[in-house]
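Just so it is clear: chains get the letters A, B, ... in the order the sequence lines come, proteins before strands, and each one is counted from 1. Computed from a predicted structure; not experimentally measured.
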Protein chains: 2
Amino acid sequence: MNRARQTVTLTADLIILTIRDGVLSVLLVERENKPFQGRLALPGGFLRGDESLEETAARELAEETGLDAVGLRLRQVGVYSAPDRDPRRPRVVTCAFLAIAADLPVPVAGSDARAARWVPVARAADPGLAFDHDRILADAVDLARTLLQFSTIATVFCGPEFTIGDLREVYETVWGVELDKPNFHRKVTDADGFLEPTGDKRPSATGRPAALYRAGAAAELVPPMMRPRSGA
Amino acid sequence: MNRARQTVTLTADLIILTIRDGVLSVLLVERENKPFQGRLALPGGFLRGDESLEETAARELAEETGLDAVGLRLRQVGVYSAPDRDPRRPRVVTCAFLAIAADLPVPVAGSDARAARWVPVARAADPGLAFDHDRILADAVDLARTLLQFSTIATVFCGPEFTIGDLREVYETVWGVELDKPNFHRKVTDADGFLEPTGDKRPSATGRPAALYRAGAAAELVPPMMRPRSGA
DNA sequence: TGAATAGTGTCTATCAGACAGTATGTC
DNA sequence: GACATACTGTCTGATAGACACTATTCA
């Protein structure tokens, strides 16, 4: 009955974002099984008996990318529970988690042999993803954009060592704007605990070599990196 | 088996915040049934067959407070899925929703006859709430504090008409700080679409009468109302 | 009149953004 | 040297915060 309490199955879906060739990209898998067989979808998996959803997400992340989620920042995007979002019975409700990764060599063939690939976010909704994953992806990207403002998570897009130019490209790519180089430089070097100089430099093909940095200890970014107001 | 996919039951729990007598308070119910029988808990209920969790939350809100959730802003706080958070089987996973309300006459005896009451947030964790509701409440209050900065939701704590002093007290109460009256006044009257003057005034016992305002059309607060940085 | 609250004006430190100018590398 | 990129300095306009001051009511 509709008024009866319902049992459901739970999944954790992952939005794994990275920047490849200057383009914000998301890891998608091709579905092997019905429903939406053959369609692209966010990687994810079912909750197991002894897990929290966070643990499910971390396990899936490891399987898909080989990344250890320990120390990696997984964030809840939200729960998606519309009754018709998944045709299966019992109902499938999902909790979406955002993960941000440095450019990985290639989707690692995890224990799961599914065909995983990076797809530019701008093109992900083109034929349309399975289930309500278009909406979930959009929400996750929104969240990522907001996190760049108030947290130091942008460094995770970079490798262990990076230049301020690298970091600026992360902001420009995710936000889709151009930022003033000198002001950006001052802003991030002034922010407390954001960056830690390594002392080394990275030579560039042409021009002055850039100083290298590591991610600092701070998780919160104060003062925040203000995102240029689009529109009026 | 632990590795098997798990079916669970889902609940939507509500954190209904209001300000009563200048104190941030939350609506709690006394549990009638096991587990945690007799303990205070957040109101909530089970997902039904034809509902999304948002609809479950709206239904529970109406039952508990008589408030129509239409037009009221319900926001997901997060999902709580630790395997041991609820001793019942099948496992109970909950999604928490934040609701903000103007000072209500009294917990309305809804269709549900449970003993509901307002409890100051500062005292809610005193004997400790049922399940992991202490943690959920803390997360929800955090979210509310953040929302005050970037959204116009503070007006919802007030009635349909309010003075700028009323609004300032909302911020001071939720944030637990004192704000500069003249600066606050200028800030909120300058913000676009935050307040709409009614033209009326409310006489005060002593002193100049204050102009009355309605909530404006804007949902986002630009520029944001910066929260004074505590600590260094 | 004084007391109390509402609201305005003004000054200052800080910060974002624009952009000129300097430093350090390759060719 | 030219050129390209990294980085620094400086100015300007906007904003936050402090606080002096004016306005409007009641007793």
Side-chain angles (χ1 to χ4, degrees), chain A residues 22 148-150 154 158 161-172 175-192 194-214 220-232, chain B residues 22 148-150 154 158 161-172 175-192 194-214 220-232:
Chain A
L148 285 201
Q149 289 190 77
F150 302 104
C158 305
E161 298 196 347
F162 51 89
T163 68
I164 291 184
D166 295 340
L167 190 63
R168 186 171 38 76
E169 279 169 24
V170 169
Y171 277 91
E172 292 182 336
W175 284 353
V177 297
E178 287 219 340
L179 299 175
D180 182 90
K181 297 180 194 186
N183 290 334
F184 184 86
H185 191 283
R186 191 160 19 87
K187 197 93 214 293
V188 297
T189 49
D190 286 359
D192 220 45
F194 194 7
L195 301 182
E196 209 176 279
T198 66
D200 291 338
K201 290 173 189 296
R202 176 198 294 167
S204 71
T206 169
R208 172 174 170 178
L212 284 169
Y213 294 85
R214 267 189 295 273
E220 212 180 340
L221 183 55
V222 283
M225 179 76 57
M226 287 321 284
R227 188 170 161 194
R229 287 213 206 110
S230 54
Chain B
L148 285 201
Q149 288 189 79
F150 302 104
C158 304
E161 298 197 345
F162 51 89
T163 68
I164 291 184
D166 295 340
L167 190 63
R168 185 171 38 77
E169 280 169 24
V170 168
Y171 277 90
E172 292 182 334
W175 284 352
V177 297
E178 286 219 340
L179 299 174
D180 182 89
K181 297 180 195 185
N183 290 335
F184 183 86
H185 191 282
R186 189 158 22 86
K187 198 92 214 293
V188 296
T189 49
D190 285 358
D192 220 43
F194 193 7
L195 301 182
E196 208 175 280
T198 67
D200 291 337
K201 288 173 190 294
R202 177 199 294 167
S204 70
T206 168
R208 172 174 170 176
L212 284 168
Y213 293 84
R214 267 187 295 273
E220 211 180 342
L221 183 55
V222 283
M225 179 77 55
M226 288 320 285
R227 189 170 160 194
R229 287 211 207 113
S230 54

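- Between the CZ atom of B:R227 and the C1' atom of D:dA16 there is a distance of 17 Å, rounded to whole Å.
- The NZ-C1' distance, from B:K201 to D:dC26, rounds to 16 Å in whole Å.
- B:T198 places a side-chain N or O within 3.5 Å of a backbone atom of B:L212 that can act as its donor or acceptor partner.
- Around the CG atom of B:D200, the shell of radius 6.0 Å holds more than 12 heavy atoms that belong to other residues, nucleotides or ligands.
- When the P atom of C:dT5 is taken as reference, atom CG of B:D166 falls 14 Å away, rounded to whole Å.
- Nearer the 5' end of DNA chain D, as judged by each residue's closest nucleotide, is the contact made by A:Y213, out of A:R186 and A:Y213.
- Taking atom CZ of B:R202 as the reference point, atom C1' of C:dT5 lies 13 Å away to the nearest angstrom.
- Comparing A:S204 and B:T189, the nucleotide of DNA chain C nearest to each residue sits closer to the 5' end for B:T189.
- Distance A:M225 CE to C:dA16 P: 8 Å, rounded to the nearest Å.
- B:D166 places a side-chain N or O within 3.5 Å of a backbone atom of B:T163 that can act as its donor or acceptor partner.
- Here A:F162 and A:Y213 keep their ring centres 6.0 angstrom or further from each other.
- Between the side chain of B:K181 and the backbone N or O of B:G165, no donor-acceptor pair lies under 3.5 Å.
- Separating the CG atom of A:L212 from the C1' atom of D:dA6 is a distance of 12 Å, rounded to the nearest angstrom.
- Nearest nucleotide to the B:T206 side chain, out of C:dT5, D:dT5, C:dA16: C:dT5.
- Atom CZ in B:R168 sits roughly 11 Å away from atom C1' in C:dG7 (whole-Å rounding).
- The interatomic distance linking B:I164 (CD1) with C:dT5 (P) rounds to 17 Å, in whole Å.
- Checked against C:dG7, D:dT24, C:dT24, the side chain of B:P209 finds its nearest nucleotide in D:dT24.
- Remark: the backbone N or O of A:L148 is paired with a side-chain donor or acceptor of A:Y171 at under 3.5 angstrom.
- Of the residues in residues 177-185 of chain B, B:P182, B:H185 come within less than 4.0 Å of DNA chain C through at least one heavy atom, sorted by number.
- Here C:dG7 is the nucleotide among D:dC7, C:dC15, C:dG7 with the atom lying nearest to any side-chain atom of B:R208.
- The salt bridge (Lys or Arg N to Asp or Glu O under 4.0 Å) check on B:E172 picks up B:R168, with sequence neighbours excluded.
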